[in-house]
2 protein chains.
Amino acid sequence: MTEHLRETSQRRVILEELGKLTSHPTANEIYELVRKRLPRISLGTVYRNLELLSQSGLIQKLEMAGTQKRFDGTIGNHYHIRCIGCGRVDDLRLPAMKSIDEAAADLSDYEILWHKMEFGGFCPDCITPRSKRGEIEILDIKKNIIGRKD
Amino acid sequence: MTEHLRETSQRRVILEELGKLTSHPTANEIYELVRKRLPRISLGTVYRNLELLSQSGLIQKLEMAGTQKRFDGTIGNHYHIRCIGCGRVDDLRLPAMKSIDEAAADLSDYEILWHKMEFGGFCPDCITPRSKRGEIEILDIKKNIIGRKD
DNA sequence: CGTTAATCAGTAATAGTTACCATTATGGAT
DNA sequence: ATCCATAATGGTAACTATTACTGATTAACG
């Protein structure tokens, strides 16, 4: 009756490849990596294992805003930062602040269990070329829409 | 050449319905509401308008973790809390803390532009029945997977 | 009014993910 | 070592949320 995770080669390789990385790959990126070692693995298997492994607490599933899920080979309470330019996700060495939950609980009727925080910005590789361009694009949009009747 | 938003009945009704709510509906929920007044409106029109209206700053698009986008008729810097039980999203009267961005910037190579924080927990309606059940389910999963070989 | 670009309804297409199912393989029990 | 229940797999279909396309309609300016 006690169902537990079996150690299959697919599961082991997924875990190994994820362990090699300090980045936070998407399911598809993991699929491509694992496929080099197990060419016949199916994408569904990767998804299923990432789900099971994160349920078991062996890896962490990051459900970032608005984008596809990403996975973290290390578990622990730290925040993440996503690059607006290239989409990569890094750890932030800011330890999770549990006191925030209590502060929030005082302000609401909810029973608060957790919070997640996500930072956005430009990574070192994208700062120089893209930050200016990004700002200009946003300004253009606002100008077009806000500035009317002339 | 200056393209600006026209006032169509569809756009007006979407904005009106969104303004009536203090909740944060999904595109589909807005579609259902608007459809009562404009039965022939298309879901694509709702999506297009929510996108345009949020670009113009008239409403706010919330890209919450792992779920579909939600929309906020009021703009302003506050955090949101999502109910684990029923999925509803409420405002939290905790003003956004800009100092967090600076603290994070010191710890990273990124040029940090923003952060978002999302709280999770049980809303008043879901606290009593579901919090216990939710905890038990999670415990069951962990027991099944972690507890092995016995 | 007439013109024209913005917008529309309807529908097809897309991306990411999950579900299904017949077959295979793992791991505890024999 | 072999057996066997069932967890896991590969392949594929289905699904959900969202975006893109298209020809018809309409708001807003002159």
Side-chain angles (χ1 to χ4, degrees), chain A residues 1-15 24-32 34-35 37-56 58-59 61-71 87 89 141 144-150, chain B residues 1-15 24-32 34-35 37-56 58-59 61-71 82 87 89 141 143-150:
Chain A
M1 196 64 66
T2 314
E3 44 186 81
H4 63 270
L5 294 183
R6 292 177 177 174
E7 179 173 339
T8 64
S9 55
Q10 293 88 341
R11 183 163 296 153
R12 181 164 20 80
V13 171
I14 288 170
L15 217 37
H24 304 79
T26 62
N28 198 63
E29 287 166 355
I30 295 166
Y31 173 57
E32 292 301 336
V34 172
R35 206 140 75 117
R37 295 172 58 185
L38 302 173
R40 297 187 49 78
I41 197 172
S42 134
L43 179 58
T45 298
V46 173
Y47 270 104
R48 188 167 4 84
N49 276 296
L50 291 172
E51 181 60 31
L52 289 171
L53 290 169
S54 70
Q55 279 181 358
S56 79
L58 293 172
I59 67 172
K61 177 163 61 172
L62 311 177
E63 314 204 29
M64 311 276 292
T67 60
Q68 68 259 51
K69 297 182 180 68
R70 290 176 174 272
F71 296 86
V89 176
I141 291 171
N144 277 339
I145 296 171
I146 302 292
R148 32 174 85 189
K149 286 191 183 171
D150 52 52
Chain B
M1 194 64 67
T2 313
E3 44 186 82
H4 64 271
L5 294 184
R6 291 180 177 171
E7 179 173 340
T8 64
S9 56
Q10 293 88 341
R11 183 163 297 152
R12 180 163 23 81
V13 171
I14 288 170
L15 217 36
H24 304 80
T26 62
N28 199 64
E29 287 166 356
I30 296 166
Y31 172 57
E32 293 300 338
V34 171
R35 206 138 75 118
R37 296 173 57 185
L38 303 174
R40 297 187 50 79
I41 198 172
S42 133
L43 179 57
T45 298
V46 173
Y47 270 104
R48 190 171 2 88
N49 276 296
L50 291 172
E51 180 61 32
L52 289 171
L53 290 170
S54 70
Q55 280 180 358
S56 78
L58 292 173
I59 67 172
K61 177 164 60 172
L62 310 178
E63 314 204 26
M64 311 275 294
T67 61
Q68 65 259 53
K69 297 182 181 66
R70 289 176 175 273
F71 297 86
R82 180 156 48 101
V89 176
I141 292 171
K143 253 185 280 179
N144 278 341
I145 296 170
I146 302 291
R148 33 173 85 189
K149 285 189 185 173
D150 51 59

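Naming: A, B, ... by sequence-line order, numbering from 1 per chain.
Summarising the geometry, atom OG1 belonging to A:Thr26 is positioned 11.5 Å from atom CG belonging to A:Leu62; distances are rounded to the nearest 0.5 Å.
Among the heavy atoms of the strands lying under 4.0 Å from B:Asn49 are primed sugar atoms or P, OP1, OP2 only; no base atom is included. Across all strands shown, B:Arg6 has heavy atoms under 4.0 Å from base atoms, whether or not it also approaches the sugar-phosphate.
Between the side chain of B:Arg11 and the backbone N or O of B:Arg6 there is at least one donor-acceptor pair closer than 3.5 Å.
Rounded to an integer number of Å, the gap from B:Leu52 CG to C:dT7 C1' is 10 Å. A:Tyr31 has its OH atom 16 Å from the C1' atom of C:dT18, to the nearest Å. Between the CD atom of A:Glu51 and the C1' atom of C:dG16 there is a distance of 14 Å, given to the nearest Å. Remark: P of C:dT17 and CZ of A:Phe71 are 7 Å apart, rounded to the nearest angstrom. Following rounding to the nearest Å, B:Leu38 (CG) and C:dG10 (C1') show an atom-to-atom distance of 16 Å. Atom CZ in A:Arg40 sits about 9 Å away from atom C1' in D:dG11, given to the nearest Å. At whole-Å resolution of the value, CG in B:Leu5 and C1' in C:dA5 are 13 Å apart. Taking atom CD1 of B:Ile41 as the reference point, atom P of D:dT25 lies 17 Å away to the nearest angstrom.
Between the two ends of the helix from C:dC1-D:dG30 to C:dT30-D:dA1, each summarised by a five-pair axis, the helix axis turns through 30° (rounded to 10 degrees).
In the set C:dG10, D:dT19, D:dA8, D:dT19 carries the atom at the smallest distance from any side-chain atom of B:Lys69.
Within the structure, every side-chain polar atom (N or O) of A:Arg48 is placed at least 4.0 Å from both OP1 and OP2 of C:dT17. OP1 or OP2 of D:dG10 has at least one side-chain nitrogen or oxygen of A:Thr45 nearer than 4.0 Å.
The minimum heavy-atom distance between A:Ser9 and A:Leu38, with the atom names listed, is O-CD1, 3.9 Å. Across A:Val46 and A:Ala27, no two heavy atoms sit closer than the pair CG1-O, 3.7 Å. Of all the heavy atoms in A:Ile41 and A:Tyr31, the pair that sits closest is O-CE1, 3.5 Å.
Counting only heavy atoms from C-beta outward, the side chains of A:Tyr47 and A:Leu50 never approach each other to under 4.5 Å. You'll find the side chain of A:Gln55 stays beyond 4.5 Å of the side chain of A:Lys61, heavy atoms only.
Using a 4.0 Å cut-off on heavy atoms, the residues of residues 7-15 of chain B that approach DNA chain C are B:Thr8, B:Gln10, B:Arg11, listed by number.
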Mind running side chain to side chain contact (heavy atoms under 4.5 Å, CB included) on B:Arg82 and B:His24 for me, showing each step along the way? CA-CA 10 Å; B:Arg82 180 156 48 101; B:His24 304 80; over 6 Å; no
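Toward the 5' end of DNA chain D, the nearer of the two residues A:Leu43 and B:Tyr47, judged by each one's closest nucleotide, is A:Leu43.
A side-chain N or O of B:Thr45 and one of B:Arg48 form a donor-acceptor pair less than 3.5 Å apart.
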